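Every number for a ligand or one of its atoms is a count from 1 in the order of the listing. Being a predicted model, the structure only gives us computed values, none of them experimental.
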Amino acid sequence: MNQTDSSKAVFARFSRYLRHFKIPFVAAIFGMIGYSLIDVFVISQLEHAIDRSLVQGDLDYLRMAAYLIVPMFILRGVFNFMGTYTLSWIGNMVVMQMRQQLFSRFVHLPVSFHDQHSTGTLISKVIYDTEQVSVAAGKALLTLVREGALVLGLLAIMFYKSWQLSLAFLVIGPVVALIVAYVSKRFRMVSKNIQQSMGNLTTAVEQVLKGHKVVLMFDGQEKETQHFEEKNNHNRQQNMKLVVSRILSVSTIQVIASVALAVVLFISSVPGMVENLSAGVFTSVVVSMTMLLKPLKQLTTVNSEFQKGMAACESIFAILDQQEEENKGTLKPQRVAGNIAFKNVTFAYDANGENVLKDISFDVSKGQTLALVGRSGSGKSTISNLLTRFYQPQSGEILLDDLPLSQIELRALRNQFAVVSQQVTLFNDTIANNIAYGLEDKVSRAQIEEAAKVAHVLEFTETLGNGLDTMVGENGLMLSGGQRQRIAIARAVLKDAPVLILDEATSALDTESERFIQEALDTLQKNRTSIVVAHRLSTIENADQILVIDKGQIMEHGRHKTLLEKGGMYAQLHRMQFTEGA
Ligand code: ATP
Ligand code: MG
């Protein structure tokens with residue numbers, strides 16, 4: 001698609017947002033045109049005011065004008081309100097809609113999308129780009145209709161009063177059009193750069209705010225400040241480019257228009273060139289021409305404003321066009337028994353990249369515990385990511401109760417799992433609400449308290465002012481790693497799902513708490529299938545199966561005892577931990 005085609009498509013899509021606002025839209029246009037027509041009417045009366053009243057002495061006309069002028073300006077105010085208010089209202093509605101759509105996209109997009117896009121850029125799209133659409137498109141429309149009507153009206157007066165004088169103005173039309181075309185192209189490009197640099201700015205801020213402790217520890221203030229300064233400056237430069245194009249185009253066009261005015265003045269100065277040139281006609285034409293300069297100036301930037309809006313639209317639409325998480329499955333099992341099978345699963349995060357899992361096969365029967373051990377980066381968490389269908393394997397199949405995962409509806413699928421993952425995410429809410437996240441209307445307060453007790457959350461909430469109703473702060477900033485992990489475990493306890501995935505669920509706990517919680521987890525693991533990732537091998541000695549994974553491949557498979565006797569990788573890992581412990 002070439003540039004014009006794509007901008008047409010973007011515009012067509014944008015106009016669909018306006019479809020619901022037909023009536024307000026018509027009202028807005030009516031208001032804007034009415035506003036300009038009043039201005040035009042006032043100018044059109046100049047000839048009479050001068051020639052009849054002042055030159056010929058018919059003062060009644062002036063008196064009538066005196067009575068009419070105030071009501072007319074009141075009407076002008078009403079029109080202005082109608083046009084501007086309605087337009088802003090539509091604009092804000094569109095912004096709200098776009099924000100909502102973006103947000104809901106973000107919520108529904110697959111994990112792989114979020115892996116590839118920085119949070120800052122995405123935030124900037126919701127906050128900045130949507131605003132750009134409304135401001136730019138609103139301004140463009142306001143100028144186009146209101147100033148357009150004014151220009152047409154003034155031109156009509158000029159030609160009506162003296163077409164000979166007005167011809168000069170027509171000559172400059174094409175020149176103005178050329179300049180406008182050039183400037184808009186540049187505007188679109190620069191606007192895109194600005195959007196990108198806004199995204200970069202947000203990303204930079206976000207990262208430093210999130211990682212401020214690292215910045216403090218590694219003395220990164222200078223570096224980050226400088227880094228931000230570069231981006232900040234780049235943003236400023238891009239904005240200045242926009243300003244320069246605007247100023248230059250406006251001034252050029254005004255100079256061209258002044259040429260037309262000069263021609264008019266010159267023609268009028270030549271005796272006999274124009275017949276019947278009365279003072280009133282002359283004044284009307286010259287005033288109209290001067291009045292034309294301002295709306296003309298605004299009309300030349302109309303396209304650029306509009307381009308700015310369209311560039312923002314394009315960036316928003318690009319997100320809205322992203323494929324949502326695939327959810328073609330139709331099966332909705334209420335509660336599975338918990339048989340899990342991996343059949344020759346091969347997976348790479350990046351379709352062209354290296355395989356992170358290679359030909360993985362195993363079976364776990366309901367109620368069993370499968371332990372995954374292996375070095376960091378070997379692919380343990382990836383297995384749990386595939387089970388919850390955050391990603392889909394490139395080849396092979398995963399079955400849950402003999403149903404292929406892809407045939408199960410996503411929500412029904414994820415309801416079958418309770419996951420305590422390596423990174424605990426907490427929401428800026430109370431501890432109780434964090435434990436009950438997503439289950440608010442299904443569980444009672446007593447159940448939440450019970451889960452909190454089992455996961456030893458009550459132990460530390462007792463000392464807090466509001467107990468379970470204490471706010472945890474953004475992402476649980478006010479809690480220790482072990483405390484956060486306990487909340488995550490309480491979540492899993494409360495969810496009571498048939499399959500439990502524990503990815504280093506107790507790694508942040510001290511040995512004593514770990515023992516208590518391990519007991520709780522052991523109880524929880526009874527009667528349900530569990531997949532446990534643990535570095536501390538002592539916690540998995542009783543597992544029904546142990547998979548030793550290395551570089552995405554299963555190296556060993558068996559029970560604790562057999563693997564020890566085999567004297568392979570597992571035995572070696574075990575030996576190392578044992579000597580460490582001693
Ligand atoms: P650890 O014990 O450190 O948690 P792990 O066995 O859980 O390690 P995985 O998280 O499964 O390891 O990662 C396996 C490999 O996949 C690693 O090499 C990692 O670089 C890569 N990887 C993990 N997550 C992603 C991702 N979102 N995008 C691309 N590659 C990833
Ligand atoms: Mg991991």
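- Ranking protein heavy atoms by distance to atom 11 (O) of ligand 1, first place goes to Thr382 OG1, 2.4 Å.
- Among protein heavy atoms, the minimum distance from atom 7 (O) of ligand 1 is reached at Ser381 OG, 2.7 Å.
- Atom 25 (C) of ligand 1 is approached by the protein to below 4.0 angstrom, counting heavy atoms only.
- In summary, Ser381 places an N/O/S atom under 2.8 Å from the Mg ion (ligand 2), meeting the contact criterion.
- Residues Phe306 and Phe11 bring their aromatic ring centres within 6.0 Å.
- Protein heavy atom closest to atom 3 (O) of ligand 1, with residue, atom name and distance, is Ser376 OG, 2.6 Å.
- Side-chain polar atoms of Arg414 and Thr388 form no donor-acceptor pair below 3.5 angstrom.
- The contact set between ligand 1 and Tyr391, taken as ligand atoms under 4.0 Å from a residue heavy atom, comprises 27 (N).
- Ranking the protein heavy atoms by distance from atom 27 (N) of ligand 1 puts Asp115 OD2, 3.0 Å first.
- What sits closest to atom 18 (O) of ligand 1 on the protein, heavy atoms only, is Gly377 O, 3.7 Å.
- Taking a cutoff of 4.0 Å between a charged side-chain nitrogen and a carboxylate oxygen, Lys380 and Asp503 do not qualify as a salt bridge.
- Ion pairing between a basic and an acidic side chain is recognised when a charged N comes within 4.0 Å of a carboxylate O; Asp496 and Arg528 show such pairing.
- When all heavy atoms of Ala505 and Ile489 are compared, the closest pair comes out as O-CD1, 3.8 Å.
- Counting only N and O atoms by type, the side chains of Gln195 and Gln132 include no donor and acceptor under 3.5 Å apart.
- Neither the backbone nor the side chain of Phe390 has a heavy atom within less than 4.0 Å of ligand 1.
- Residue, atom and distance of the protein heavy atom nearest to atom 2 (O) of ligand 1 are Lys380 NZ, 2.8 Å.
- Using a cutoff of 4.0 Å between basic side-chain nitrogens and carboxylate oxygens, Arg486 and Glu459 are scored as salt-bridged.
- Ligand 1 has no atom lying under 4.0 Å from any heavy atom of Glu504.
- Using modelled atom types, one finds no donor on one side chain facing an acceptor on the other under 3.5 Å when comparing His227 with Lys223.
- Remark: ligand 1 and Val356 share no N or O pair separated by less than 3.5 Å (distance only, no angle test).
- Atom 22 (N) of ligand 1 is flagged as protein-proximal [any protein heavy atom, distance under 4.0 Å].
- A donor-acceptor pair shorter than 3.5 Å cannot be found between the side chains of Asp429 and Asn434.
- Closest protein heavy atom to atom 30 (N) of ligand 1: Tyr349 CD1, 3.3 Å.
- Not one N, O or S atom of Ser376 sits under 2.8 Å from the Mg ion (ligand 2).
- In terms of N/O distances under 3.5 Å, ligand 1 is not approached by Asp503.
- Between Phe106 and His114 the shortest heavy-atom distance is O-NE2, 2.9 Å.
- Near Gln422, with a cut-off below 4.0 Å to any heavy atom, the atoms of ligand 1 are 1 (P), 4 (O).
- In this structure, the side chain of Thr369 does not engage the main chain of Ala543 through any donor-acceptor pair within 3.5 Å.
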